[in-house]
Amino acid sequence: MKLLDIISFGFNAIRRKKVRNSLAIMGVAIGIAAIISLSALGGGFQDMVDLQFQRGFSSDTLIITTRGIDFFLPESDFEMYINDTDAIEGLEHVQRASAQMQRACLVEIGNYSFQLNVIGIDYQKYAQLYPDTFVAANGTIPAVFDNETVVIGNGIYNPWTNGTFTGFIGDNLNVTWITRNGTFIKAKSYNATVDAILERIGAISIGGPTDSSVFIPIEQAEEFFETSVADIILVQLDTDDEEIINQVAREIELLFSEQIQVVIPSALLNAISTIIVSIELFLAAVAMISLVVAGVGIMNIMLTTILERTREIGILKSLGMQNHAVLLIFLAESLIIGFLGALTGIALGWLLAVALGEFGIGDFIAQSLSGTFVGQLVIMPVVTTTLILNSIAFALVVSTIFGLYPAWRASRLKPVDALRYE
Amino acid sequence: MDVINISKSEQVTQSNSANDIPLIELENLEKQYLMGNVPVDALCGVNLTVNHGEFLAILGPSGSGKSTMLNLIGALDKPSKGVVKIDGVNLTTLNNSQLARIRQRIGFVFQFFNLIPRLNARESVELPLSIQGISRSERRKKAEHLLETVGLKDRIEHKPAELSGGERQRVAIARALANEPNFLLLDEPTGKIDSKTAKDLMTLISNLNKEEGVTMIMITHDERIAKYASRQIHLLDGKIVKEVSK
Ligand SMILES: Nc1ncnc2c1ncn2[C@@H]1O[C@H](COP(=O)(O)OP(=O)(O)OP(=O)(O)O)[C@@H](O)[C@H]1O
Ligand SMILES: [Mg+2]
């Protein structure tokens, strides 16, 4: 029997049992959709992390913080001061240290107001620390200290990326900070002038600038927030040699009697990647299991089909069909189910990945990882031809494995017994 | 029409085989089924020779072994003992694949039609041709021609459920003829259709035998149906007990 005739015979049979076979097809489709959407989002996320590695991220920096990232140790109330940078800059291999202070403030620009992180930094040092991302797209980052100056992230200027701008260079920006004075709640505010709008950064940022930050000079922050306590200190080394970075990190810890945490961004990013890889592995395992379940479904359906069509098998054999052709007929039916399941699954998975990407899975991941709002972050799902072909191949392998036994049983039926079957 | 006993019939078949290989030869054919652990003798030493162009009717009460015998001739089952030869080829020496190829040269017609419900008349008749790997256009042409021969020109696209019993059996006959078989094996072809339709069907079968020279081996309960045959054998408890030739 010709292969094409075998396939069309199987297809014809499948069409007669629409509900049952659709369910089996959906079973495969769900597994494949899971694989496609996971891989697509995982690939997109990986791309984003890679982008992060390429830009807006310096492999030669350290971040010093007093806030523990370890949930289990008691929080220390140790404080760092802005001028601690002098001591750090005295260490070998340290090029510069820059203190940073940040408060959540109400920021009004034009007719809009947002709750945002206002970050006090030394513009010069910060620009040297993040030469790729702390770059003005419009205006210029002022070189001389000025109380009234402010630099804003691109996300504040263009929050919806649809051409509606909140304000322009030279516009007023009002910062309001709510604090307590004893039992009283007091709102402080001041007016600043937008001197620079940063280029769009896009990706998540570890330590570096983000699209939704407002930057004011550290001196102004010190005065306005009424403190000299630094939230973090950024340290740039003259090398990205891992051993030296670790050694300097240790020296800094000792400098503060181990009351502070030194975060090595590259290590953190690696840790995030590792977490993502293990999440992906876990989900891939779930997808595998769902495909095995789908395979068992195919097997179940094929066994039922063969029982129902026992007489037909007898007829085919009485017409001189060879055993291997009988096997191929029923195997073809499983493969058709698997193939249609794969196609449906690819379409579903793709839609799902795009939908999750559009509706903010990126924001969600970024927020949970960084603990702050980091602006819009769209993960572009990556569906490659290889991914599609692999999914199809995988579905076909699953349907072969689970379709083989029923088909083999069909092929082994004795013609008389099959014909006699009621 | 004269009645002859078994020994006489053997003499006749032997004299026939001297110059020409008979189409079918059964030698001491035995078939035993196991009902659980109890052996049931369905055939106990059947000897029979069928020549090319014959129309043989097999009669006998229910359970006498008629279907068992037909299935053995059709290579659908294997004997417990004895030999089935088709055109001189001993079936017991063949493997499954060779037996399948033998079946391609045999046309089966069953009491319950045994049509595949989802296939229409044309597709049913095309099926054996498709199994032999014949091209789509060729088998379509042939199937339509055969359906015309059996008088179903207007029912080509009908599924079994949309056909009467007689029409279904005609489809089955057309399907059985598709492979240009050496012979047709018919197991109570009129068993499930009314007597008027049965008569038409028998005229068709009889014409195929007379005009096309197709050898017919037909099981029937009905003496009137058996009259269309040129030779009758009667089975009882797995043995041929009577043979009648026209
Ligand atoms: N698969 C089987 N297993 C056990 N016994 C069987 C089997 N097939 C047939 N038999 C037995 O063998 C005997 C002959 O059966 P067979 O079907 O050949 O009879 P038959 O002459 O065709 O009868 P009918 O006219 O009712 O079709 C019967 O006693 C039957 O019960
Ligand atoms: Mg019978």
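To find a chain, count down the sequence lines: A is the first, B the second, and so on, and within it residues start at 1. What you see is a predicted model; the values in this text were computed from it and never measured.
Of the atoms belonging to B:N71, it is side-chain heavy atoms, and not backbone ones, that fall under 4.5 Å from chain A. For a residue to count as touching a neighbouring chain, one of its non-hydrogen atoms must lie under 4.5 Å from one of that chain's; by this rule B:R105 does not touch chain A. Interface remark: B:L115 contributes backbone atoms only to the contact with chain A (heavy atom separation under 4.5 Å). At a 4.5 Å heavy-atom cutoff, B:S67 makes no contact with chain A through either its backbone or its side chain. Only the backbone of B:I134 comes within less than 4.5 Å of a heavy atom in chain A; its side chain stays farther off. Contact annotation for A:S411: neither backbone nor side-chain heavy atoms come within less than 4.5 Å of a heavy atom of chain B. For a residue to count as touching a neighbouring chain, one of its non-hydrogen atoms must lie under 4.5 Å from one of that chain's; by this rule A:A418 does not touch chain B. Residue contact with chain B, scored on non-hydrogen atoms closer than 4.5 Å, involves the side chain of A:N323 exclusively.
Note: B:I116 CD1 to A:N12 CG = 9.5 Å, rounded to the nearest 0.5 Å. Interatomic distance, B:D77 CG to A:R420 CZ, rounded to the nearest 0.5 Å: 7.5 Å. Atom NZ of A:K414 sits about 8.0 Å away from atom NZ of B:K78, to the nearest 0.5 Å. How far CD of B:Q104 is from CE of A:M321: 9.5 Å, rounded to the nearest 0.5 Å. Interatomic distance, OG of A:S318 versus CD1 of B:I131, reported as 8.0 Å (0.5 Å rounding). For the atom pair OG of B:S130 and NZ of A:K2, the computed distance is 8.5 Å after rounding to the nearest 0.5 Å.
Within 6.0 Å of atom CZ in A:F11, 12 or fewer heavy atoms from other residues, nucleotides or ligands are found, so the atom counts as exposed in its surroundings. Annotation: B:R118, atom CZ; neighbour count of heavy atoms from other residues, nucleotides and ligands within 6.0 Å is above 12. Other residues, nucleotides and ligands place more than 12 heavy atoms under 6.0 Å from the CZ atom of A:R15. More than 12 heavy atoms of other residues, nucleotides or ligands sit less than 6.0 Å from atom NE2 of B:H221.
Taking every heavy atom of both residues into account, B:A100 and A:Q322 meet most closely at CB-OE1, 3.5 Å. The shortest non-hydrogen separation linking B:R103 to A:G320 is CB-CA, 3.9 Å.
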Check: Should A:K317 and B:L76 be marked as a side chain to side chain contact (heavy atoms under 4.5 Å, CB included) after you check the CA-CA gap, both sets of side-chain angles, and the distance that decides it?
Finding: CA-CA 8 Å; A:K317 290 199 164 184; B:L76 293 174; 5.7 Å; no
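Of residues 301-316 of chain A, those residues with a non-hydrogen atom less than 4.5 Å from any non-hydrogen atom of chain B are, in numerical order, A:R309, A:R311, A:E312, A:I315, A:L316. Residues of residues 328-341 of chain A lying under 4.5 angstrom from chain B, judged on non-hydrogen atoms, do not exist.
Within the 4.5 Å cutoff, no side-chain heavy atoms of B:E123 are placed close to those of A:F9. Between A:D5 and B:R139 there is a side-chain heavy-atom pair separated by less than 4.5 Å. The shortest distance between side-chain heavy atoms of A:L419 and B:F112 does not fall below 4.5 Å.
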